[in-house]
Amino acid sequence: MLKQRVLTAAVLAPMVIAGIFLLPFHIFVIAVAGVTLLGHWEWTKFVDVSSRPLGFIVPALLLIGSLFTFPVNETGLELTGLHGGVIALSGAVWWLLATVMVLKYPKGTNWWSNSAVFQQLFGVLTLIPFLWSVLLLRANGYDTQPYLGAKLVLMVCLLVWAADTGAYFAGKRFGKRKMAPSVSPNKTIEGLIGGLVASVLVTTGAAHLFSIPFSSIYTLGAIALVTSFASVLGDLAESMFKRVAGVKDSGRILPGHGGILDRIDSLTAAFPVFTVLYFWLA
């Protein structure tokens, strides 16, 4: 399984990086929207509906409608307005609620575990803010510094990958105390700490290497720390939804990783949180 994961990541990572930097903005929007739609399709496995296609219609229409409601042009300038920020903020607020849900699990699930409406809403709050957060970052400074936004998007990806890798190896080496045994038995507090440290170090190095301006090194470290914690929460939240739905993986499209959601679960939380903190503090 580890070999499959590494091989898949070795193929995917260069494709993702090339897409971030080389795709024209409007094509980049289509690509990220396509990935998000695939995520919505996989989310239907978590929703108590009789037909997955039926459960897919509403979130798909909301996502596509948001692109028409908030027009995207070739320079991305229209994305810097209030609308995209509100969507990103709604995602950050959602992850505060998700934190409570994860910490209380398995208690307090009755109000949503048997409700298709709430299950659909959670999917929308997870994936649409993710889409718009990525687009907001990519559009940042597009008219004057075309690659600044690309560097920001890549930095968040590197942050999350560092958190995952650091947590894996620190947990393997030092892990003893379970972090959330009812949600994900293999995750440990020691692994969490290792992931947080790795993400802060990698983010600081990436900001220096990419010449991304921040108000201070302390602000950068704080943003990286909070975003890294959010990425862990995204992983835990998906694990919680899978447990309630009784499924192991969201899909099989990625060998060794499962589905699209299994690969981007940490990113769905990290991007809205980073975006809000970056535009607010950095």
Side-chain angles (χ1 to χ4, degrees), residues 12-13 15-40 42-43 59-60 62-67 69-95 123-142 145-161 163-164 203 206 210 212 223-224 226-228 230-231 233-235 238 260-261 263-280 282:
L12 281 179
M15 293 176 57
V16 169
I17 294 171
I20 292 171
F21 281 89
L22 301 180
L23 288 179
F25 189 81
H26 57 293
I27 303 300
F28 179 78
V29 172
I30 293 172
V32 180
V35 170
T36 310
L37 282 172
L38 285 174
H40 272 302
E42 292 181 353
W43 192 277
L62 286 173
L63 186 150
I64 295 170
S66 74
L67 294 177
T69 304
F70 307 138
V72 177
N73 61 30
E74 293 185 4
T75 65
L77 296 178
E78 295 180 44
L79 284 176
T80 59
L82 178 63
H83 45 255
V86 169
I87 294 178
L89 181 60
S90 69
V93 172
W94 153 241
W95 287 109
V124 169
L125 290 173
T126 296
L127 289 163
I128 292 184
F130 160 72
L131 165 67
W132 280 90
S133 298
V134 175
L135 299 186
L136 276 170
L137 288 180
R138 183 65 185 89
N140 187 39
Y142 199 90
Q145 303 179 69
Y147 292 110
L148 173 61
K151 292 175 183 177
L152 285 168
V153 173
L154 178 57
M155 187 171 72
V156 178
C157 292
L158 292 175
L159 184 159
V160 171
W161 297 339
D164 287 346
T203 305
F210 298 155
I212 299 176
I223 292 175
V226 175
T227 303
S228 177
S231 75
L233 177 63
D235 187 22
E238 198 211 348
I260 291 292
L261 277 177
R263 183 62 276 171
I264 68 169
D265 51 6
S266 299
L267 295 171
T268 59
F271 268 104
V273 170
F274 180 90
T275 301
V276 170
L277 292 176
Y278 175 77
F279 285 112
W280 179 31

Discussion item. Could you tell me if the side chain of Tyr278 sits less than 4.5 Å from the side chain of Thr227, heavy atoms only?
Written reply: no
Discussion item. Once rounded to the nearest 0.5 Å, what's the spacing between atom CD1 of Ile260 and atom CG of Leu37?
Written reply: 11.5 Å
Discussion item. Looking at every heavy atom in both Ile128 and His40, which two are closest together, and how far apart are they?
Written reply: CG1-NE2, 3.9 Å
Worksheet item: Any sub-3.5 Å donor-acceptor pair from Ser266's side-chain atoms to Ser231's backbone N or O?
Response: yes
Item to complete: Please examine the side chains of Ile17 and Leu154, heavy atoms only from C-beta on, and report whether any two atoms are closer than 4.5 Å.
Response: yes
Worksheet item: What is the distance from atom CD1 of Ile223 to atom CG of Leu277, rounded to the nearest 0.5 Å?
Response: 5.5 Å
Worksheet item: Taking atom CZ of Arg138 and atom CG of Leu148, what is their separation to the nearest 0.5 Å?
Response: 9.0 Å
Fill in: Contact summary for Leu136 and Phe279, nearest pair of heavy atoms
O-CZ, 4.1 Å
Discussion item. Which heavy atom of Val153 sits nearest to which heavy atom of Val134, and what is that distance?
Written reply: CG2-O, 3.8 Å
Worksheet entry | Gap separating the CG atom of Asp265 from the CG atom of Leu233, nearest 0.5 angstrom | 10.5 Å
Practice prompt. Hey, can you tell me if Phe28 and Phe25 have their rings parallel, tilted or perpendicular (30° and 60° cut-offs)?
Written response: tilted
Discussion item. How close do Pro272 and Ala92 get, counting heavy atoms only, and between which atoms?
Written reply: CB-N, 3.9 Å
Worksheet item: Less than 4.5 Å apart, any side-chain heavy atom of Phe271 and any of Val160?
Response: no
Discussion item. Are the side chains of Trp132 and Val32 in contact, using a 4.5 Å heavy-atom criterion?
Written reply: no
Discussion item. Please find the pair of heavy atoms, one from Ala224 and one from Leu159, that lie closest to each other, and give the distance.
Written reply: CA-CD1, 3.8 Å
Item to complete: Could you grab the distance from atom CD1 of Ile212 to atom CG of Asn140, nearest 0.5 Å is fine?
Response: 10.0 Å
Worksheet item: side chain to side chain donor-acceptor pair (under 3.5 Å) with Trp95: which residues, sequence neighbours excluded?
Response: none
Worksheet item: What distance do Leu261 atom CG and Thr36 atom OG1 have between them, rounded to the nearest 0.5 Å?
Response: 10.0 Å
Worksheet, complete the sentence: Residues Ala230 and Val273: closest non-hydrogen pair is CB-CG2, 3.8 Å
Worksheet item: Is the shortest heavy-atom distance from the side chain of Leu158 to the side chain of Phe210 under 4.5 Å?
Response: yes
Worksheet entry | Student check: side-chain heavy atoms of Leu63 and Leu127 closer than 4.5 Å | no
Worksheet item: Residues two or more places apart in sequence or in another chain: which of them pass side chain to side chain contact (heavy atoms under 4.5 Å, CB included) with Leu125?
Response: Trp94, Leu121
Worksheet item: Do Met155 and Leu152 have side chains that get closer than 4.5 Å, going by heavy atoms?
Response: yes
